[in-house]
Amino acid sequence: MSVKENLANIEQQITEACERVGRDPKDVRIVAVTKYVTEERTREALAAGVQHFGENRVEGGVEKRNAFGTEGIWHFIGSLQSKKVKKMIGSFDYIHSLDRLSLAEELNKRAGGQAVRCFIQVNVSGEESKSGLEPAEVESFVRELAKFPAIEVVGLMTMAPFVEDPEETRPFFRKLRELRDEIQQHQFSHAPCHELSMGMSNDFVVAVEEGATFVRIGSSLVGREL
Ligand SMILES: *Cc1c(COP(=O)(O)O)cnc(C)c1O
């Protein structure tokens, strides 16, 4: 399938999910996760009208992203080692995987006077294999981030467990939304925390129903070729 056809299909599903819960589809942005595909296929997505792109590795991801110059808005969605921050920081507009103070410190140090827009990754399901903070740790973590002036907490991110029936992911997405609402209520100047990065190919419809503002979609949008 062409990216264009896949995109139309996904947008239709987002529109229908929004209608069911009374949301405006414009509040949901699609991040095309291009980690499985070549630069050429990524360009096909750009030509189809995709504006947001997600890569999960510094190796390869930075080179691919840099080939696009000023085109696209680029999201770093993978786990990030502090020693690799220097290499990637200038290339990405958003980082979805802030999960520890040592990483915030390094991002702040390397920011070069620019704001670093971050999502805090939360392990809502508590699965051992997933990274992210425990929900109960998030608020104090946000408070501590105030000491790093470059860090701007734009929202929260999670990955739900992979399950056959996407309906089973709903409680995890709902929990992330409740946590986002709690943080937002504090009106921290360094943490507006409006956004929710949640939902992938198998579960984005449920995520949108539960409030996702960024869905990260790879295989069902651009496919897998690498
Ligand atoms: C790979 C990946 C995705 C996209 O996965 P698909 O199931 O192919 O849509 C989304 N988020 C993160 C963090 C990923 O690593």
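Ligands are counted one by one from 1 in listed order, and the atoms in each one are counted from 1 as well.
- Here Lys83 does not pair with Glu106 in a salt bridge; the nearest charged N to carboxylate O distance is not below 4.0 Å.
- Using cut-offs of 30° and 60° for the angle between ring planes, the Phe119 and Tyr94 rings count as tilted.
- Ring orientation note: the planes of His75 and His52 are tilted relative to one another, at an angle of 30° to 60°.
- Under the 4.5 Å side-chain criterion, counting only non-hydrogen atoms from C-beta, Phe172 is in contact with Pro161.
- For ligand 1, the protein residues within 4.0 angstrom (heavy atoms only) are Val33, Lys35, Tyr36, Ile77, Met157, Met159, Met200, Ser201, Arg216, Ile217, Gly218, Ser219.
- Remark: Arg177 does not engage Glu209 in a salt bridge, criterion side-chain N to carboxylate O under 4.0 Å.
- Cation-pi geometry between Arg65 and Phe76 is not met at under 6.0 angstrom from the ring centre and within 45 degrees of the axis.
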